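In what follows, a single structure is set out as structure tokens and then discussed.
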Amino acid sequence: MTLNRTPIHVNDAVSKVMERVKSTGTETVSYDQSYNRVLAKDLTATSDVPLFTKSAMDGFAVHSSSTAGASGDNRVPFKVVEEVPAGSSSDYILKDNEAFRIMTGAEIPESADTVVMFEQTKEIDGGFTIRREFKPYENIAQQGEECRTGDVIVEKGTMINPGTVATLATFGYSEVEVFKQPAVGVLSTGTELLEVEDGLERGKIRNSNTPMILSQLSRMGIEGKHYKLETDDFDTLYTRIKAMLDEVDVIITTGGVSVGDYDLLPKIYDALGAEVLFNKVAMRPGSVTTVSALDDKLLFGLSGNPSACYSGFELFTRPALNLMQEAALPFAPFVDAVLDEDFTKANPFTRFIRAELFFKAGKIYARPSGFNKSNAVTSIAKSNGVIVLPGGTRGFESGDAVKVMLTDVTTGTDSFGVE
Ligand SMILES: Nc1nc2c(c(=O)[nH]1)N[C@H]1C(S)=C(S)[C@@H](COP(=O)(O)OP(=O)(O)OC[C@H]3O[C@@H](n4cnc5c(N)ncnc54)[C@H](O)[C@@H]3O)O[C@H]1N2
Ligand code: MOO
Ligand SMILES: [Mg+2]
């Protein structure tokens, strides 16, 4: 096994992974199980929205012609002839100065064309008066004003969000065709690793990578398959990974990818006959990240160091899993931010720093979210993005413009910001 590896640029590494992605194909799921799935077909309106012309307010439906001449000095009276609550309708034909008492969401009867809100009336015996003229369609939501039958509402390749689910329900799509989610197995390797519930022992640490990766998968709506820890023993690890290949589409391992005596993943890829796409990336942390392909399966050999492991998943695994589901926008967005703290280390390689993004006076700021080394774990907990500092730079100062990859858009802010 060669110890000297050739680093490739992170962009090239990402491309190499994306080129090997195979679509998972499609399946049909119930609309209420479709959140976070990728649409396999355009979602088309099966009806107009609104479905029928309806009142947008609680009040009275009248014909605008009956309101002619109304003013503060000349209040025009109306007689209420029928009630139309939401869910009902009326075929009654209004005569001059007659009105329906109508509620928000109720169909506007044929003979009315405008709605007077309760607040715009004065009650009289059997009816009300108004003090101004009403034009047609006031306080009315017209059939099809939002969309028409046949309109494409959401395009194929879009991730289904809560609004998409509402749209599916609106159009009566009880089932929807989506791309299958890849089956992803997660396995951490290392003889030094203990389970969360274990007491600490000399020289050992708890496995934080498996639960972290499973949560990174959950954040994408994917339930990963959790494999028990493996020690650094070739035979058992090889047997385990061979078995995983029969069970999942994607294998994520953590640890054992560097050049140590017990870093067994390179030997295992070799024994499996997997094609190593790269085993060194010109980036920090995560330079040892190794991705291999075997038939249609991808094997992500993420670093054992937690920060490197985290970034490796966000940079390589996440977009690949999105593309397997034919997501139109597989990559996390990058935003321009102002660095809020000096970062004086030189960057021979592209540097990814787990970062806290925050918003001040309409600007986005970013600062490292804590201890910043490959082996750090606590700084991941406080991060909602990753600052990207290009390779070949000598350090950055507070106030410099930087790019930040958004990793967690569910992060909140401390105040509600409408001006
Ligand atoms: N001679 C060299 N040594 C190292 C190099 C190198 O280029 N030449 N690269 C270093 C870099 S950079 C990194 S990153 C690490 C990567 O190591 P591995 O991916 O092989 O991972 P391990 O050796 O198994 O573990 C590294 C570190 O992480 C801890 N770890 C492992 N698994 C977990 C887990 N599931 N949860 C929490 N922590 C974990 C492990 O105990 C080690 O401390 O290699 C450098 N060495
Ligand atoms: O892979 Mo190591 O994390 O570059 O520091
Ligand atoms: Mg190692």
Side-chain angles (χ1 to χ4, degrees), residues 1-10 13 185-198 200-217 224 226-234 236-237 240-241 251-270 276 278-292 299-317 345-354 368 371-381 383 386-389 391:
M1 208 62 52
T2 170
L3 291 183
N4 290 318
R5 301 178 179 181
T6 313
I8 63 170
H9 193 279
V10 62
V186 183
L187 167 68
S188 284
T189 70
T191 306
E192 76 278 29
L193 299 177
L194 299 167
E195 301 287 4
V196 181
E197 47 285 335
D198 292 340
L200 293 174
E201 295 168 38
R202 185 169 183 188
K204 303 221 168 183
I205 57 165
R206 293 193 185 97
N207 166 23
S208 59
N209 286 343
T210 307
M212 176 176 71
I213 298 278
L214 288 169
S215 308
Q216 285 172 285
L217 288 166
H226 178 175
Y227 288 84
K228 286 271 169 253
L229 288 171
E230 289 291 348
T231 55
D232 299 313
D233 172 77
F234 182 87
T236 51
L237 197 52
R240 165 65 58 213
I241 290 180
I251 297 179
I252 302 175
T253 56
T254 82
V257 275
S258 186
V259 294
D261 293 344
Y262 301 92
D263 288 336
L264 298 171
L265 268 301
K267 296 183 188 75
I268 284 173
Y269 297 136
D270 196 38
V276 174
F278 54 84
N279 60 11
K280 189 95 181 166
V281 187
M283 65 179 199
R284 275 278 138 78
S287 58
V288 297
T289 308
T290 301
V291 180
S292 309
L299 296 88
F300 291 87
L302 304 182
S303 165
N305 273 324
S307 280
C309 180
Y310 179 82
S311 315
F313 179 94
E314 295 298 321
L315 292 168
F316 304 109
T317 318
K345 269 193 210 169
N347 301 291
F349 284 175
T350 307
R351 193 183 286 279
F352 293 97
I353 306 160
R354 280 131 319 283
F371 183 69
N372 177 54
K373 270 192 182 172
S374 181
N375 58 349
V377 64
T378 54
S379 57
I380 311 170
S383 75
V386 178
I387 299 173
V388 186
L389 301 182

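One-based numbering along the sequence shown. Here the structure is a predicted model, which means the values were calculated and not measured. Counting convention: from 1, in listed order, for ligands and their atoms alike.
Contact annotation: the side chain of Ile268 approaches that of Leu237 to within less than 4.5 Å [non-hydrogen atoms, C-beta and beyond]. Between Phe352 and Val10 there is a side-chain heavy-atom pair separated by less than 4.5 Å. Residues Lys228 and Arg240 fail the side-chain proximity criterion, which asks for heavy atoms closer than 4.5 Å. Proximity of Thr350 to Arg284: side-chain heavy atoms (C-beta onward) are nowhere separated by under 4.5 Å. Side-chain atoms of Val259 and Arg5, non-hydrogen and from C-beta on, do get closer than 4.5 Å to each other.
Proximity annotation for atom 1 (N) of ligand 1: of Val259, Leu194, Asp263, Thr253, Val259 comes nearest, heavy atoms only. Nearest residue to atom 9 (N) of ligand 1 from Ser374, Ser258, Gly256, Pro266 is Ser258 (criterion: closest heavy atom). Of all the listed residues (Met283, Met212, Glu192), Glu192 holds the heavy atom that lies closest to atom 41 (O) of ligand 1.
The protein non-hydrogen atom at the shortest distance from atom 12 (S) of ligand 1 is Ser287 OG, 3.6 Å. The closest protein non-hydrogen atom to atom 29 (C) of ligand 1 is Gly304 O, 3.7 Å. The nearest protein atom to atom 43 (O) of ligand 1, hydrogens excluded, is given as Asn305 OD1, 4.1 Å; this is a heavy-atom distance. Scanning the protein heavy atoms around atom 38 (N) of ligand 1, the nearest turns out to be Ile205 CD1, 3.4 Å. In terms of protein heavy-atom proximity, atom 37 (C) of ligand 1 is nearest to Ser208 OG, 3.4 Å. Nearest protein heavy-atom neighbour of atom 33 (C) of ligand 1: Asn209 ND2, 3.3 Å. For atom 11 (C) of ligand 1, the closest non-hydrogen atom on the protein side is Val288 CG1, 4.1 Å.
When each of Leu299, Thr317, Leu214 is paired with Ile252, the side chain to side chain contact (heavy atoms under 4.5 Å, CB included) condition holds for Thr317 and for no other.
Residues passing the ring pair (Phe, Tyr, Trp, His ring centres under 6.0 Å) test with Phe278 are Phe316, sequence neighbours excluded.
Every atom of ligand 1 is numbered from 1 in the order shown, and the set under 4.0 Å from a heavy atom of Thr254 is 35 (N). Atoms of ligand 1 found under 4.0 Å from any heavy atom of Ser188, numbered from 1 in the order shown, are 35 (N). Residue contact check: Ser303 has heavy atoms under 4.0 Å from atoms 14 (S), 16 (C), 19 (O) of ligand 1.
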Self-check item: Pair Thr253-Ile241, side-chain contact (heavy atoms from CB on, under 4.5 Å): steps then yes or no
Solution: CA-CA 9 Å; Thr253 56; Ile241 290 180; 4.1 Å; yes
Exercise. Starting from the C-alpha separation in whole Å, work towards a yes-or-no answer on side-chain contact (heavy atoms from CB on, under 4.5 Å) for Val186 and Tyr227.
Key: CA-CA 6 Å; Val186 183; Tyr227 288 84; 5.8 Å; no
Quiz item: Taking it one step at a time, do Ser188 and Thr210 satisfy side chain to side chain donor-acceptor pair (under 3.5 Å)?
Solution: CA-CA 6 Å; Ser188 284; Thr210 307; 2.8 Å; yes
Quiz prompt | Test side-chain contact (heavy atoms from CB on, under 4.5 Å) applied to Asn279 and Thr6, step by step | solution = CA-CA 8 Å; Asn279 60 11; Thr6 313; over 6 Å; no
Quiz item: What's the verdict on side-chain contact (heavy atoms from CB on, under 4.5 Å) for Met283 and Arg351, showing C-alpha distance, side-chain angles and the deciding distance?
Solution: CA-CA 6 Å; Met283 65 179 199; Arg351 193 183 286 279; over 6 Å; no
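Within the sub-2.8 Å shell of the Mg ion (ligand 3), the protein contributes these N/O/S atoms: Asp263 OD1, Asp263 OD2.
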Could you list, one pair per line, each nitrogen or oxygen of ligand 2 together with any protein nitrogen or oxygen closer than 3.5 Å, giving atom names and the distance rounded to 0.1 Å?
{"residue": "ligand 2", "atom": "1 (O)", "partner": "Gly286", "partner atom": "N", "Å": "2.9"}
{"residue": "ligand 2", "atom": "1 (O)", "partner": "Ser287", "partner atom": "N", "Å": "2.7"}
{"residue": "ligand 2", "atom": "1 (O)", "partner": "Ser287", "partner atom": "OG", "Å": "3.3"}
{"residue": "ligand 2", "atom": "1 (O)", "partner": "Val288", "partner atom": "N", "Å": "3.4"}
{"residue": "ligand 2", "atom": "3 (O)", "partner": "Gly286", "partner atom": "N", "Å": "2.7"}
{"residue": "ligand 2", "atom": "3 (O)", "partner": "Ser374", "partner atom": "OG", "Å": "2.4"}
{"residue": "ligand 2", "atom": "4 (O)", "partner": "Arg284", "partner atom": "NE", "Å": "2.9"}
{"residue": "ligand 2", "atom": "4 (O)", "partner": "Gly286", "partner atom": "N", "Å": "3.1"}
{"residue": "ligand 2", "atom": "4 (O)", "partner": "Ser287", "partner atom": "N", "Å": "2.9"}
{"residue": "ligand 2", "atom": "4 (O)", "partner": "Ser287", "partner atom": "OG", "Å": "2.8"}
{"residue": "ligand 2", "atom": "5 (O)", "partner": "Ser374", "partner atom": "OG", "Å": "3.1"}

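Heavy atoms of Asn375 found under 4.0 angstrom from ligand 1: none, in either backbone or side chain.
Taking CZ from Phe313 and CG from Asn209, the interatomic distance works out to 12.5 Å, rounded to the nearest 0.5 Å. Going from atom CD1 of Ile213 over to atom CG of Leu187 covers 11.5 Å, rounded to the nearest 0.5 Å. The CD1 atom of Ile205 lies 8.0 Å from the CG atom of Leu194; values are rounded to the nearest 0.5 Å.
In the displayed structure, Lys373 atom NZ is contacted under 6.0 Å by at most 12 heavy atoms of other residues, nucleotides or ligands.
Ligand 1 has at least one atom lying under 4.0 Å from a heavy atom of Lys280.
Between Val257 and ligand 1, at least one pair of N/O atoms sits closer than 3.5 Å. For the pair Asn207 and ligand 1, the shortest N or O to N or O distance falls below 3.5 Å.
Contact check on Lys204 versus Glu192 returns no salt bridge, with no Lys/Arg side-chain nitrogen under 4.0 Å from an Asp/Glu carboxylate oxygen.
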Could you tabulate the donor-acceptor pairs under 3.5 Å formed by side-chain atoms of residues 301-311, not counting sequence neighbours?
{"residue": "Ser303", "atom": "OG", "partner": "Asn305", "partner atom": "N", "Å": "3.1"}
{"residue": "Asn305", "atom": "ND2", "partner": "Ser374", "partner atom": "OG", "Å": "3.3"}
{"residue": "Ser307", "atom": "OG", "partner": "Arg354", "partner atom": "NE", "Å": "3.1"}
{"residue": "Ser307", "atom": "OG", "partner": "Ala376", "partner atom": "O", "Å": "2.7"}
{"residue": "Tyr310", "atom": "OH", "partner": "Arg219", "partner atom": "NH2", "Å": "3.0"}
{"residue": "Ser311", "atom": "OG", "partner": "Ser307", "partner atom": "O", "Å": "2.9"}
{"residue": "Ser311", "atom": "OG", "partner": "Arg354", "partner atom": "NH1", "Å": "3.3"}

